[in-house]
Amino acid sequence: MKHYLIILTALLFASCQESTLLVDDVTAIKGCTDPKSVNYNPDAVIDNGSCVYIDSLQNSIFGKFTATWCGPCGGWGVARFEELYANHKGRALAMSLQINDALTTPDNGTLVDEFSAKWQYTGTPNFFVNENFVGTGTSGIPGEITSKNNQTPKLSIGTHITQGAGKNTGKLNVNVYVKALDNLSGTYTMSALFLYKEIQAAQNGSTQNPHIHHHVLAKSAIAAGAFGEEVFTSLSAGNVYHWARTIEYNDNWDMSKMELVFIIWKKTGTGYEFVNCTTN
């Protein structure tokens, strides 16, 4: 099994667990020593590189419903998806949702079904952006991303992820920090999703040989559906919610070709409204 780290927003390569170190016969606590970080530890004496900083940015989410059996998906669908990702990299989360094809698995099939219901999938290739299903008419996506990203965010997200060791070998130590930038009330949930940064599979309509698919939804990283689990019901402006887990991943994954992304939703009746996310 290969052990590589996923590159994510605010990812640092040190354990974020508090530990101690004997310095000049004095036990010194290791941790984040920068008061400007969201995980500052006032008791820490030795900085272990675990500090997390959160930019107050509103990001967007966009994606496509696609299939390996779909000819147009391998033609203009791929080209448009790659163009949108390149033009908005760092400010948007891109996802490829596979519809009953060679990349559909028990791990991602039910997630795609849930997202299909939210964005009202009707065929392939179809696109969505933030709260909007846009189908094949993608010309408005850049404007929607720009408009959304120019908004003042209600919350922002920072992450710190490391490769587990010892009893956590083969797992990821994951810490997510959600900072409220406004007073928040209601039920908020968080998705933790593994995506294939790249995965090879034949694609109808593609001129690539072999065809490499990007940002394909693989599975939920937690025991929850597409819209994740409840994280908080209220959070005052300036306060930070901390979510920490040890997460397992598939033994056959090449982790250098995987992404772990996070999305915050607000529950609205029977649905979920997109709030903010990390990017890829």
Side-chain angles (χ1 to χ4, degrees), residues 2 4 6-8 60-130 132-142 144-145 191-221 225-226 249-261 263 277-280:
K2 300 181 180 179
Y4 297 92
I6 302 172
I7 307 302
L8 294 172
S60 288
I61 182 172
F62 78 92
K64 61 174 178 174
F65 295 99
T66 186
T68 56
W69 45 259
C70 165
C73 297
W76 74 264
V78 166
R80 186 59 172 150
F81 183 72
E82 298 292 349
E83 177 187 22
L84 289 167
Y85 172 72
N87 290 343
H88 300 283
K89 186 175 181 179
R91 292 301 308 277
L93 168 60
M95 287 200 304
S96 181
L97 306 180
Q98 307 297 132
I99 303 294
N100 299 323
D101 69 355
L103 293 174
T104 299
T105 70
D107 287 329
N108 65 18
T110 56
L111 303 179
V112 171
D113 289 343
E114 289 184 73
F115 284 138
S116 296
K118 173 178 175 55
W119 282 296
Q120 301 177 357
Y121 153 79
T122 59
T124 56
N126 277 181
F127 283 74
F128 61 88
V129 56
N130 298 325
N132 305 313
F133 174 77
V134 298
T136 58
T138 64
S139 61
I141 292 180
E144 165 60 25
I145 292 176
S191 306
L193 304 173
F194 280 115
L195 310 182
Y196 294 105
K197 184 162 57 177
E198 58 178 71
I199 185 172
Q200 181 178 322
Q203 173 66 55
N204 280 353
S206 173
T207 58
Q208 295 181 25
N209 186 22
H211 186 91
I212 306 298
H213 302 257
H214 295 107
H215 315 301
V216 175
L217 177 61
K219 68 180 295 184
S220 174
Y249 53 84
N250 291 9
D251 288 346
N252 61 341
W253 282 350
D254 178 349
M255 294 304 289
S256 69
K257 296 181 179 179
M258 300 299 298
E259 303 168 318
L260 180 55
V261 300
I263 309 168
C277 62
T278 58
T279 63
N280 53 10

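Counting from 1, the numbers follow the sequence of the chain as shown.
- Closest non-hydrogen pair, P125 versus T136, comes out as O-CG2, 3.3 Å.
- Between the NZ atom in K64 and the OG1 atom in T138 there is a gap of 12.0 Å [rounded to 0.5 Å].
- Nearest heavy atom pair, residue A67 against residue D101, reads CA-OD2, 3.2 Å.
- Between W119 and F133, the ring center distance fails the sub-6.0 Å criterion.
- At a cut-off of 3.5 Å, with distance as the only test, a side-chain donor of Q98 or S96 sits close to an acceptor on the other residue.
- A centroid separation of less than 6.0 Å is found between the aromatic rings of F62 and F81.
- When atom types are taken as modelled, the side chain of N87 and the backbone of L84 share no donor-acceptor pair closer than 3.5 angstrom.
- Across all non-hydrogen atoms, the minimal contact from C73 to T66 is CB-OG1, 3.1 Å.
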Practice problem: Go through the steps for V216 and L195 under the test side chain to side chain contact (heavy atoms under 4.5 Å, CB included), then give the verdict. | Solution: CA-CA 5 Å; V216 175; L195 310 182; over 6 Å; no
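- Rounding to the nearest 0.5 Å gives a distance of 10.0 Å between OH of Y85 and CG of L93.
- Residue K118 qualifies as enclosed at atom NZ: its count of foreign heavy atoms under 6.0 Å is above 12.
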Self-check item: Residue pair H215, E259: steps toward the side chain to side chain donor-acceptor pair (under 3.5 Å) verdict
Solution: CA-CA 8 Å; H215 315 301; E259 303 168 318; 3.1 Å; yes
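- Side-chain N or O atoms of T278 include none that pairs as donor or acceptor with a backbone N or O of V261 at under 3.5 Å.
- In this structure, S116 and L97 have side chains that are not in contact, with every pair of non-hydrogen atoms separated by 4.5 Å or more.
- In this structure, the separation between SG on C277 and CD1 on I61 is 5.5 Å, given to the nearest 0.5 Å.
- Between the side chains of D254 and S256, at least one donor-acceptor pair of N or O atoms lies under 3.5 Å.
- Interatomic distance, L217 CG to M95 CE, rounded to the nearest 0.5 Å: 6.0 Å.
- Between F65 and Y121, the gap from one ring centroid to the other is short of 6.0 Å.
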Exercise. Applying side chain to side chain contact (heavy atoms under 4.5 Å, CB included), run through M258 and Y196 and close with a yes or a no.
Key: CA-CA 5 Å; M258 300 299 298; Y196 294 105; 3.4 Å; yes
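- Side-chain contact annotation: H214 with E82, donor-acceptor N/O pair under 3.5 Å present.
- Judged by distance alone, the side chain of S191 and the main-chain N or O of L193 form no donor-acceptor pair under 3.5 Å.
- Taken from CG in N130 to CG in N132, the straight-line distance is 7.0 Å, to the nearest 0.5 Å.
- Closest approach of A226 to E114, counting heavy atoms only: N-OE2, 3.2 Å.
- Going from atom CD1 of I99 over to atom CG of D113 covers 7.5 Å, rounded to the nearest 0.5 Å.
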Exercise. Any chance you could lay out the side chain to side chain donor-acceptor pair (under 3.5 Å) test for T104 and N108, step after step, and finish with the verdict?
Key: CA-CA 6 Å; T104 299; N108 65 18; 4.8 Å; no
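- Here the shortest heavy-atom pairing between L260 and A192 reads CD1-C, 4.4 Å.
- At least one test fails for K219 against the ring of F194: distance under 6.0 Å to the centre or angle within 45° of the axis.
- The main-chain N or O of A201 is found under 3.5 Å from a side-chain atom of H213 such that the two form a donor-acceptor pair.
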Exercise. Would you sort out whether K197 and N280 count as a side chain to side chain contact (heavy atoms under 4.5 Å, CB included), showing the intermediate values?
Key: CA-CA 9 Å; K197 184 162 57 177; N280 53 10; over 6 Å; no
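- Between the W69 side chain and the N100 main chain, a donor and an acceptor come within less than 3.5 Å of each other.
- In terms of modelled atom types and a separation under 3.5 Å, the side chain of Q208 and the main chain of G74 share no donor-acceptor contact.
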